[in-house]
Structure formats: C-alpha cells, structure tokens
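Okay, so here's the structure we're looking at.
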Amino acid sequence: MPELPEVEVVRRGLAQWVAGREIATAEVLHPRAIRRHVPGATEFAARLKGRTVISAERRGKYLWLPLSGAEEALMAHLGMSGQLLVVDPHAPLEKHLRVRLGFTDGGPDLRFVDQRTFGHVMLTALVDGVPEPISHIAPDPFEEAFDDEAFTAGLRRKRTEIKRALLDQSLISGVGNIYADEALWLARLHWARPTQTLTRPKIAELLAAVREVMGAALAQGGTSFDSLYVNVNGESGYFDRSLEVYGRRDQPCSRCGTPIRREAFMNRSSYSCPTCQRRPR
DNA sequence: GCAATTACCTGAGGGC
DNA sequence: TGCCCTCAGGTAATTG
C-alpha cells in the first residue's frame, strides 16, 4: 500500500500531468469514494466543473489539488489500494474505477481507482493552504513546518508505546506500518518501548532513522511489495528497495543474523530483530 | 482529555 | 470446485 514516498511519487505525477488543466466533467461511480464529501455526488461534480487545477500538494499521505476561483481543493487519500491514474479518456474503464475527471483540453482523464475502498476524495476548504479536514494532523518529517523540538517534547509527554505514537498522526504524519518497523529497526528500538522513557538523543536518532528509511525509498521512487499500487502514470511506482525487517519473518537480521520475528500488534503485524531490538522490561 | 480498541472493505491464498 | 477463514492496514469513530 502506498506510504509517504509512494504518495510523493503520485504528487509529482499530478503536478506534471494535471496541474494547469481545466476540469470539464466529474463522474462518481461509487458513492463510498466520496463518503466524506457530505453534500454528495451531484454537488461534488457541479462544483468541480470549470475549475482549473492550480498545483499538487501533499502532507503525509494526503494529497490535494488546489483549484482556481476559491480557497478550495480536491483532496484525496489513497487508503490501502487507491490509485490516481492519468489515462487516455477512451481507455476502457477500470474494474474498480470510483471517480473519473475529464478535462476541457480533451487530454487524459484523472481516474481514482480503489479496490478496497479505504481511500476517498472530497472537495474541501483550504485553511492557511491546508485542507480543513486534516488541519489536526501534524506535518510530515520532510516538511519545513515539521518541528523537531515539538515532536520530541510531545513524545516524552505521551504515555504510550513508541510505535503507536509513530502511527498516530498527532505528532508526526505519513509514517505507516512498514516504515515504522524499518525506522525502529534502524534506531534499535523495540516497538513497545514506552515513549516517556526515551531520551532526547534517542528520539533524535529515531527521527533521523524515519527520515533515512523514507528518504531512501523516495530517492528510488518508492518501495516494492504490493502490485496493487500503481503511480499516476499507470506504471508501478515501486522499486526493489530491500526492506530490513518488514515481511522478513524468520530471515536473518542483516546486522546480527538473528531471525526476524513477527509479533501481533494492533490487529496487524510488527517485525523486529529480537537481538537488536530488546523488548523493554 | 487522553489512550486503546473497533469498524470500515475486498481479494488473495490456504485448508479442507 | 467451492466454501470458510485469515490477512493486509490508515484513519475516524467509539469506548474506556
């Protein structure tokens, strides 16, 4: 599923292929895809018609396209299986096509395709340049607005486990299950480590690890493990970046050779090295 | 107010 | 062949 590096690849594609173009038609093929757009499909389509896409922006895993005419944007979250495809308007409709935008220039459609329907799109007001529904989430660690000190202080105030805090959007956004495991491995931290026991230097190390693993994936255009994800041009955005722990159950840790363990965590999986990442007492 | 848990959703893959 | 179960997991909503 798309995590931050993959979403950034999509954003770049949107900036290249969609920005500057005027929307002619908007078609909602599945109501669930716009479930967070309260006024409904008819209003959604009417409000998009005639608007020009200004640019493509991102915070964490949220994408949005600011529109001409008002402080408003078309916002999207890809969920687990969402794709934004730029395809020939005459191309056959995808099986899981949810929303389709046509443009006045007669060029390629922008299509929102989503098998598992965890993703969604909506029209929303921009407040200081950020969509109103996501004003409560923290900036992601690659934004200039990200405040390392606020993250550190906030983490030490929390009374929870470190991985929960990483996945929670309130202190840092854009970190999903895969990169949380990868960053914790790099920083030699067990996922259940209580946040209030982390020292400032250790938090700095963790933050550097988060940026390292996501930055490396970003430099290569994303990571590779799920064929559902396709980037804005309809081609795989994933590359063969080897993951150190995620999905590597029973395979040797590259640092010490100990078999990687898989543990149940929040109704999903957590992968770690039993030697490098000691469970807190 | 904060932390923890659950709901949402579809298709792949395994067991029988 | 086909049915049932498990798994994948980000976020909002709900519960504690």
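Just so it is clear, the structure is predicted and the values come from calculations on it, not from any experiment. Order of the sequence lines sets the chain letters (A, B, ...), proteins ahead of strands, with each chain counted from 1.
- Side-chain heavy-atom separations under 4.5 angstrom define the hydrophobic clusters, and the remaining members of the one that includes Leu126(A) are Tyr62(A), Trp64(A), Met75(A), Met122(A), Val130(A), Ile134(A), Ile137(A).
- At least one side-chain nitrogen or oxygen of His136(A) sits closer than 4.0 Å to the OP1 or OP2 atom of dA12(C).
- Within 4.0 Å (heavy atoms only), Gly79(A) reaches no atom of the nucleic acid at all.
- With rounding to whole Å, Met122(A) atom CE is found 13 Å from dA12(C) atom C1'.
- The side chain to side chain contact (heavy atoms under 4.5 Å, CB included) search around Thr275(A) returns Cys256(A), Thr258(A), Cys273(A), Arg278(A), not counting sequence neighbours.
- A close approach under 4.0 Å does not occur between any side-chain nitrogen or oxygen of Tyr179(A) and OP1 or OP2 of dG10(C).
- Heavy atoms of Phe265(A) sit nowhere under 4.0 angstrom from any nucleic acid atom.
- For Phe151(A), the ring-ring contact (aromatic ring centres under 6.0 Å, His included) partners at least two apart in sequence or on another chain are Phe146(A).
- In this structure, CZ of Arg36(A) is placed 8 Å from C1' of dT11(C), rounded to the nearest angstrom.
- Ala70(A) pairs by the side chain to side chain contact (heavy atoms under 4.5 Å, CB included) definition with Arg51(A), Glu72(A), not counting sequence neighbours.
- Remark: P of dA8(C) and CD of Glu263(A) are 14 Å apart, rounded to the nearest angstrom.
- The ring pair (Phe, Tyr, Trp, His ring centres under 6.0 Å) analysis of residues 86-126 of chain A, with sequence neighbours excluded, yields no pairs.
- As rounded to whole Å, 15 Å separates atom P of dC2(B) from atom CD of Gln196(A).
- Nearest to the side-chain atoms of Lys95(A) among the listed nucleotides dA12(C), dG11(B), dG10(C) stands dG11(B).
- The interatomic distance linking Leu166(A) (CG) with dT11(C) (P) rounds to 13 Å, in whole Å.
- Looking at residues two or more places apart in sequence or on another chain, you find a side chain to side chain contact (heavy atoms under 4.5 Å, CB included) between Glu94(A) and Leu85(A), Val87(A), Leu97(A), Arg111(A), Val113(A).
- At least one side-chain heavy atom of Arg255(A) sits less than 4.5 Å from a side-chain heavy atom of Arg188(A).
- Arg268(A) meets the salt bridge (Lys or Arg N to Asp or Glu O under 4.0 Å) test with no other residue; sequence neighbours excluded.
- Salt-bridge annotation for Arg100(A) and Asp109(A): present, with a side-chain N of the basic residue lying under 4.0 Å from a carboxylate O of the acidic one.
- A close approach under 4.0 Å does occur between a side-chain nitrogen or oxygen of Ser269(A) and OP1 or OP2 of dA8(C).
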Practice prompt. Any chance you could list the contact pattern along nucleotides 3-10 of chain B? Use B for base contacts, S for sugar-phosphate-only contacts and - for none, protein heavy atoms under 4.0 Å, 5' to 3'.
Written response: SSSB-BBB
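- Salt-bridge annotation for Glu57(A) and Arg59(A): absent, with no side-chain N of the basic residue lying under 4.0 Å from a carboxylate O of the acidic one.
- When heavy atoms are screened at a 4.0 angstrom cut-off, Arg35(A) is found touching no nucleic acid atom at all.
- Remark: Ala165(A) pairs with Leu155(A), Lys158(A), Thr160(A), Thr195(A) by the side chain to side chain contact (heavy atoms under 4.5 Å, CB included) rule, at least two apart or across chains.
- Rounded to 10 degrees, the angle separating the terminal helix axes of the helix from dC2(B)-dG16(C) to dC16(B)-dG2(C), each built from five base pairs, is 50°.
- dG10(C) atom C1' lies 13 Å from atom CE of Met75(A), rounded to whole Å.
- Within the structure, ring pair (Phe, Tyr, Trp, His ring centres under 6.0 Å) contacts touching residues 188-210 of chain A (residues at least two apart or in different chains) are Trp191(A)-Phe265(A).
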Collect all protein-nucleotide pairs involving nucleotides 13-16 of chain C in which both atoms are nitrogen or oxygen and the distance is under 3.5 Å.
none

